[in-house]
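Below is one structure; the comments refer to it alone.
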Amino acid sequence: MTSDGTVTTTNFIREIIDQHNDAGRFGGRVHTRFPPEPNGYLHIGHAKSICLNFGLAESYGGKCNLRFDDTNPTKEEQEYIDAIMRDVRWLGFDWEDRLFFASDYFDQLYQWAVQLIQMGKAYVDHLSADEMREYRGTLTTPGKDSPYRARSIEENLALFEQMRNGEFQEGECVLRAKIDMTSPNLNLRDPVLYRILHAHHPRTGDKWCIYPMYDFAHGQSDSIEGITHSICTLEFEDHRPLYDWLIDQLGIHHPQQIEFARLNINYTVMSKRRLVRLVTESHVRGWDDPRMPTLSGMRRRGYPPQAIRSFVEETSVTRQNSVNEIGLLEHHIRQYLNQHALRVMAVLNPLRVVIDNYPEGQVEELDAINNPEDESAGTRKVPFSRVLYIEQEDFMEDPPKKFYRLAPGREVRLRYGYFIKCVDVVKDAEGNVVELHCTFDPETRGGYAPDGRKVQGTLHWVSADHALEAEVRLYESLFSKPNPNDVEDGQDFTDFINSDSLQVLTGCRIEPSVATAEHGTRYQFERLGYFNIDLDSIPERLVFNRTVTLKDSWSKIQQKGG
RNA sequence: UGGGAGAUAGUUUAAUCGGCAGAACAGUGGACUUUGGAUCCAUCAGUCCAGGUUCGAGUCCUGGUCUCCCAGCCA
């Protein structure tokens, strides 16, 4: 068990660590890190890496660092750094005093580059990007040596010094490792170590105009921090021989890299490149749009971090590429919220109901249970009066057989209220039902009939005079296609954006008990789903997000033509 | 046609030395119910293919098929 109470199952990474510990490698130490690049917001795929790295450290009594891989100042911003830290904390993890940046190591990295040059293992190359691509060869044909590969150590040292001093334009030259241009692993065909970028860095300012490539920074950063297990995703497997080479040449601490398959979910996209486009092209309202798979979007949507963690835990850690169903995530969301969310009554599409035989001006405070799954949540009072609203969907003039709700002449229970019977239907000029007249049975207060008679349906409701007005935002998946990345020639993933992914309802009515709740407060609207209070909400104008619907067996019956 | 990796119900996965293929989600049917919620019960459904070794193969061997990753001065 971890601190959040979830059960940790074993996986291939834990088995590797166990083997290391049995063999005494790393002296039984386990030190991991979560190494995001601050060029975008964290998404649920990152949550898997976060849970894995912090979770491993915790369960083995080790530590986990947060390190920003900030080696490309042209793409990275302080806003992203702040957002990433906020999201990691929100998930419930703590890096304590171990907040690091790859840019902290720029001096050391520079020294190591010089050392490689001195060893004859790196050289300054003046090939253009296009030329370098040609010289690199292809997947099936070997590359060939750059004409600059044979420069003397002294010349390389001088040239690299000039690079650092800003004596070259961007793209004029780079520092490359001297490994093997014929290697079947393209990462070993003299990879670029340093490139020239006359860019201002969020942390080092204008100190540097040369920046290390990720491949030259990542492994050594892990080494500097004494990381034992460098956990990363599958696409870096081909880079491992390069990291190993670099670390062995330098003779420094050698972490063990272990790759796992990234988390994918259907009906969404997970690559940062695509998420950035969704934001910059205004397909969504921002990084924290509740339809986004970002952690900030999910937070705003009302997804509890505990549910995200239990979902991630259940997807398990493997080396198989896979795509999880969004339904599994939603299952975990519902499971948590069912246990923890307070119940309230809200009517999304109000239909006015007048209780003809209920005294005018009378108001009763009825007892309602806050959470049937948690007795300690207690009860509250909800006001009942002569004029109420119920859900439009809960009335049908000519109902099908399995419709349990209100219809002319039919009796139903108002939850925690009374049994009511529909006696009249008022329509407007177009024939739309605009008001119902009902009678109530005073003997059924609280929803129980002393004569033991049963009703099939129980409806939620609010008192018209007491209800608060609210805007409610309903969400569906952002994409209408299970795999939006699967595009034909000439198509773009944005072609598959679901035009119904956001539906805004105004004039919704909700019971008064929520009036003073804070942003983010999560509720179950009885019979409708889980909702939370959006950041846009103000007391004069409440705004709710639908986090997820309740499982709805009526809709299935309907679809089957019931 | 180079290198690296991976194939188990619809989905995601488990299976100690080679020893009864086990779960969750989804689906279906039912019980219960003051949420058509929750809960409970039942049920459907699987080892990529072809050989081989073995008393016995998801696991070992041989051959094949399919999928993913790699040709940024991105990470």
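Here is how names work: the chains are called A, B, and so on, in the same order as the sequence lines, proteins then strands, and each is numbered from 1. Everything numeric here is computed off the predicted structure, so don't read it as measured data.
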Exercise for the section: For A:Thr318, answer base if it contacts any base atom (sugar-phosphate contacts may also be present), sugar-phosphate if it contacts only those atoms, and nothing otherwise; contact means non-hydrogen atoms under 4.0 Å. Expected result: sugar-phosphate
Problem - Base paired to B:U47 (Watson-Crick or G-U; both N/O distances under 3.5 angstrom) - result: none
Problem - Counterpart base for B:G2, defined by Watson-Crick or G-U wobble contacts under 3.5 Å - result: B:C70
Exercise for the section: Classify the nucleic acid contact of A:Thr315 as base, sugar-phosphate or nothing, counting any heavy atom under 4.0 Å across all strands shown. Expected result: sugar-phosphate
Practice task
Please work out if A:Glu237 contacts a base, only the sugar-phosphate, or nothing of the nucleic acid, heavy-atom cut-off 4.0 Å.
Solution key: sugar-phosphate
Practice task
Would you classify A:Met132 as touching base, sugar-phosphate or nothing, given that sugar-phosphate means primed atoms plus P, OP1 and OP2, and contacts are heavy atoms under 4.0 Å?
Solution key: base
Exercise for the section: May I ask you to verify if any side-chain N or O of A:Lys556 is less than 4.0 angstrom from the OP1 or OP2 atom of B:U28? Expected result: yes
Handout entry: Contact under 4.0 Å: A:Lys551 side-chain N or O vs B:A38 OP1/OP2
Key = yes
Fill in the blank from the handout: Rounded to whole Å, CG of A:Leu328 lies from C1' of B:U12 at a distance of 7 Å
Problem - Partner nucleotide of B:C40 by Watson-Crick or wobble geometry (both distances under 3.5 Å) - result: B:G30
Problem - NZ or CZ of A:Arg67 within 45° of A:Phe100 ring axis and under 6.0 Å - result: no
Practice task
Hey, can you tell me if A:His126 and A:Tyr148 have their rings parallel, tilted or perpendicular (30° and 60° cut-offs)?
Solution key: tilted
Completion exercise
By the Watson-Crick or G-U definition, both distances under 3.5 Å, B:A7 is matched with B:U65
Produce the list of close N/O pairs, under 3.5 Å, pairing protein atoms with atoms of nucleotides 46-48 of chain B; give distances to one decimal.
none

Handout entry: Phosphate contact (B:G36 OP1 or OP2) by A:Arg405 side-chain N/O below 4.0 Å
Key = no
Exercise for the section: Describe the nucleic acid contact of A:Tyr448 in one word from base, sugar-phosphate, nothing, applying a heavy-atom distance below 4.0 Å. Expected result: base
Side-chain polar contacts of residues 412-420 of chain A - donor-acceptor pairs under 3.5 angstrom, sequence neighbours left out - could you list them?
residue	atom	partner	partner atom	Å
A:Arg413	NE	A:Gly447	O	2.8
A:Arg413	NH1	A:Thr458	OG1	2.8
A:Arg413	NH2	A:Gly447	O	3.4
A:Arg415	NH1	A:Glu526	OE1	2.2
A:Arg415	NH1	A:Glu526	OE2	2.9
A:Tyr416	OH	A:Ile369	N	3.4
A:Tyr418	OH	A:Glu364	OE1	2.8
A:Tyr418	OH	A:Glu364	OE2	2.6

Handout entry: Output field: ring centroids A:Phe384/A:Trp461 closer than 6.0 Å
Key = yes
Handout entry: Under 4.0 angstrom between A:Thr140 side-chain N/O and B:G3 OP1 or OP2
Key = no
Exercise for the section: Select base, sugar-phosphate, or nothing to describe what A:Glu526 touches, counting heavy atoms under 4.0 Å on all strands. Expected result: base
Handout entry: Interatomic distance, A:Asn338 CG vs B:C40 P [rounded to whole Å]
Key = 11 Å
Practice task
Determine which pairs satisfy salt bridge (Lys or Arg N to Asp or Glu O under 4.0 Å) with at least one residue from residues 166-190 of chain A, sequence neighbours left out, and list them in order.
Solution key: A:Asp125-A:Arg176, A:Arg149-A:Asp190
Exercise for the section: Quick one: label A:Phe68 by what it contacts on the DNA or RNA (base, sugar-phosphate, nothing), any heavy atom closer than 4.0 Å. Expected result: nothing
Practice task
Using a 4.0 Å heavy-atom cut-off across all strands, classify A:Tyr194 as base, sugar-phosphate, or nothing.
Solution key: nothing
Exercise for the section: Check if the side chain of A:Glu314 and the base of B:U13 share a donor-acceptor pair of N or O atoms closer than 3.5 Å. Expected result: no
Exercise for the section: May I ask you to evaluate whether A:Arg195 reaches the phosphate of B:C74, defined as a side-chain N or O under 4.0 Å from OP1 or OP2? Expected result: yes
Practice task
Quick one: label A:Leu550 by what it contacts on the DNA or RNA (base, sugar-phosphate, nothing), any heavy atom closer than 4.0 Å.
Solution key: base
Practice task
Mind telling me whether A:Phe525 and A:Phe531 have parallel, tilted or perpendicular rings, with 30° and 60° as the class edges?
Solution key: parallel
Exercise for the section: Taking the six-membered ring for Trp and the single ring otherwise, decide whether the centroids of A:His239 and A:Tyr214 are under 6.0 Å apart. Expected result: no
Practice task
Classify the nucleic acid contact of A:Asn72 as base, sugar-phosphate or nothing, counting any heavy atom under 4.0 Å across all strands shown.
Solution key: sugar-phosphate
Exercise for the section: Measure centre to centre between the rings of A:Tyr336 and A:His332, then say whether the value is under 6.0 Å. Expected result: no
Problem - Base B:G37 to side chain A:Glu373, donor-acceptor N/O within 3.5 Å cut-off - result: yes
Practice task
Could you tell me whether A:Leu127 contacts a base, only the sugar-phosphate backbone, or nothing, with contacts defined as non-hydrogen atoms closer than 4.0 Å?
Solution key: base
Exercise for the section: Would you state whether a donor and an acceptor, one from the side chain of A:Asn321 and one from the base of B:G6, lie under 3.5 Å apart? Expected result: no
Exercise for the section: Using only side-chain N and O atoms of A:Arg319, determine if any of them is under 4.0 Å from OP1 or OP2 of B:G6. Expected result: yes
Exercise for the section: Select base, sugar-phosphate, or nothing to describe what A:Arg136 touches, counting heavy atoms under 4.0 Å on all strands. Expected result: sugar-phosphate
Practice task
For this output row, return yes or no: ring centroids of A:Tyr267 and A:Phe479 closer than 6.0 angstrom.
Solution key: no
Handout entry: Phosphate contact (B:A75 OP1 or OP2) by A:Thr71 side-chain N/O below 4.0 Å
Key = yes
Problem - For B:A23, the Watson-Crick or wobble partner whose two distances fall under 3.5 Å - result: B:U12
Exercise for the section: Could you check whether A:Val323 gets within reach of a base, just the sugar-phosphate, or nothing at all, counting any heavy atom under 4.0 Å? Expected result: sugar-phosphate
Handout entry: Validation row, ring centre A:Tyr404 to ring centre A:Trp554 under 6.0 Å
Key = no
Exercise for the section: Report which part of the nucleic acid A:Arg343 touches: base, sugar-phosphate, or nothing (heavy-atom distance under 4.0 Å, all strands). Expected result: base
Completion exercise
To the nearest angstrom, the NE2-C1' distance between A:His218 and B:C74 comes to 14 Å
